[in-house]
Amino acid sequence: MTTDQIYSEIKKKGTMLCVGLDTDYGKIPECVKAGRSVLEAVLEFNKRIIDATASHCVAFKPNLAFYEYLGAEGLSVLEKTVEHIRLNHPGQFIIADAKRGDIGNTTRMYAKSYFETFDFDAVTLSPYMGSETVTPFLEYPGK
């Protein structure tokens with residue numbers, strides 16, 4: 001999504017609201033958990049939050065820590081969450097709340113992961129270790 005596109009969405013909806021998807025299984029209502037595995041409940045809860053708020057916001061921001069702790073299957077839930085947004089609410093800006101701040105090849109792999117593998121529009125970064133922690137992310141036009 002380009003800067004002009006997100007600005008257009010902000011003007012159209014009259015908001016800059018971003019909905020965080022920090023989905024903590026322990027805080028999911030029992031009615032959503034019922035009959036579902038942990039992974040299924042997290043995905044179902046995400047879908048319900050996304051569908052209920054998409055018309056009121058311009059962005060979603062999944063916090064990666066809440067998916068990474070679930071292991072490889074948690075990353076699959078993250079991927080399915082992003083797919084759900086892209087397929088059902090295509091005007092939404094999606095931010096990987098990753099707070100990454102590494103150097104060298106590690107940063108390049110993070111950028112590749114978030115922008116190519118998971119198709120995020122943006123990512124949160126911690127630039128405290130210098131420009132090398134940010135530069136690989138800037139090599140993706142439109143991100």
Side-chain angles (χ1 to χ4, degrees), residues 1-129 133-143:
M1 174 175 271
T2 67
T3 306
D4 289 339
Q5 289 170 318
I6 189 141
Y7 183 67
S8 175
E9 286 296 310
I10 290 168
K11 284 179 28 181
K12 181 171 66 175
K13 291 183 177 179
T15 185
M16 291 186 271
L17 180 64
C18 173
V19 174
L21 296 171
D22 303 17
T23 310
D24 181 344
Y25 178 77
K27 295 180 180 179
I28 295 175
E30 290 302 321
C31 63
V32 177
K33 291 179 183 179
R36 293 184 174 93
S37 70
V38 171
L39 299 167
E40 292 168 338
V42 169
L43 181 59
E44 179 63 22
F45 184 74
N46 284 352
K47 287 179 178 181
R48 290 184 188 195
I49 293 295
I50 291 162
D51 294 343
T53 61
S55 64
H56 305 286
C57 69
V58 294
F60 288 99
K61 185 173 59 79
N63 184 320
L64 276 63
F66 289 85
Y67 304 90
E68 291 171 347
Y69 94 93
L70 294 168
E73 294 88 359
L75 293 178
S76 177
V77 170
L78 174 65
E79 187 172 30
K80 289 174 184 173
T81 297
V82 172
E83 286 173 3
H84 181 80
I85 297 167
R86 293 273 184 234
L87 290 173
N88 297 286
H89 308 286
Q92 294 291 333
F93 191 69
I94 307 173
I95 304 164
D97 189 1
K99 299 172 186 82
R100 299 297 188 232
D102 214 320
I103 58 173
N105 270 350
T106 304
T107 300
R108 281 186 194 75
M109 289 296 109
Y110 280 138
K112 185 178 182 77
S113 172
Y114 301 132
F115 295 147
E116 293 180 28
T117 302
F118 288 102
D119 193 28
F120 284 102
D121 295 305
V123 62
T124 59
L125 303 172
S126 296
Y128 299 112
M129 291 173 47
T133 64
V134 176
T135 302
F137 293 93
L138 300 176
E139 294 172 358
Y140 285 82
K143 299 291 187 181

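Residues forming a ring-ring contact (aromatic ring centres under 6.0 Å, His included) with Phe115 (at least two apart in sequence, or on another chain): Tyr140. Residues that satisfy the salt bridge (charged side-chain N to carboxylate O under 4.0 Å, His left out) test with Lys112, not counting sequence neighbours, are Glu116. With sequence neighbours excluded, the residues that form a salt bridge (charged side-chain N to carboxylate O under 4.0 Å, His left out) with Arg48 are Glu44.
A pairwise comparison of heavy atoms in Cys57 and Lys13 identifies O-NZ, 2.7 Å as the closest pair. Annotation for Val32 and Ala41: closest pair CG1-O, 3.8 Å, computed over non-hydrogen atoms. In terms of heavy atoms, Pro127 sits closest to Leu125 at CD-O, 3.6 Å. Here the closest heavy-atom approach between residue Gly74 and residue Leu39 is recorded as N-CD2, 3.9 Å. Closest non-hydrogen pair, Ala98 versus Leu64, comes out as CB-CD2, 4.1 Å. Minimum heavy-atom separation, Ala111 to Pro136: CB-O, 3.8 Å.
For the atom pair OG1 (Thr2) and CG (Asp121), the distance works out to 9.5 Å, reported to the nearest 0.5 Å. For the atom pair OH (Tyr7) and NZ (Lys12), the distance works out to 14.5 Å, reported to the nearest 0.5 Å. Between Thr23 atom OG1 and Ile28 atom CD1 the span is 6.0 Å, to the nearest 0.5 Å. Between the CG atom of Leu43 and the NE2 atom of His84 there is a distance of 8.0 Å, given to the nearest 0.5 Å. Going from atom CZ of Phe45 over to atom CG of Leu21 covers 9.0 Å, rounded to the nearest 0.5 Å. Atom CG in Asn63 sits 10.0 Å away from atom CG in Leu78 (nearest 0.5 Å).
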Apply side-chain contact (heavy atoms from CB on, under 4.5 Å) to His56 and Val19, showing your working.
CA-CA 9 Å; His56 305 286; Val19 174; over 6 Å; no
Would you please test Asp4 and Lys11 for salt bridge (Lys or Arg N to Asp or Glu O under 4.0 Å) and show each step?
CA-CA 10 Å; Asp4 289 339; Lys11 284 179 28 181; over 6 Å; no
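Counting non-hydrogen atoms of other residues, nucleotides and ligands closer than 6.0 Å to OH of Tyr69 gives a total above 12. Shown here is Met129, whose CE atom has more than 12 heavy atoms of other residues, nucleotides or ligands within 6.0 Å.
Between Phe118 and Phe120, the ring-plane angle classifies as tilted under the 30° and 60° cut-offs.
Pairs engaging residues 134-143 under the salt bridge (charged side-chain N to carboxylate O under 4.0 Å, His left out) rule: Asp119-Lys143 [sequence neighbours left out]. Sorted by first and then second residue, the side-chain hydrogen bond (donor to acceptor under 3.5 Å, both in side chains) pairs involving residues 70-83 (not counting sequence neighbours) are Asn46-Thr81. Pairs passing the salt bridge (charged side-chain N to carboxylate O under 4.0 Å, His left out) check and including a residue from residues 59-70, sequence neighbours excluded, read Lys61-Asp97, Glu68-Arg100.
Residues Val42 and Phe66 form no side-chain contact, since every pair of their non-hydrogen atoms from C-beta on lies 4.5 Å or further apart. The shortest side-chain heavy-atom distance between Leu70 and Tyr25 does not fall under the 4.5 Å cut-off. You'll find the side chain of Tyr128 stays beyond 4.5 Å of the side chain of Thr133, heavy atoms only.
Shown are Thr53, Ile94, Asp51; of these, the side chain to side chain contact (heavy atoms under 4.5 Å, CB included) with His89 is made only by Asp51.
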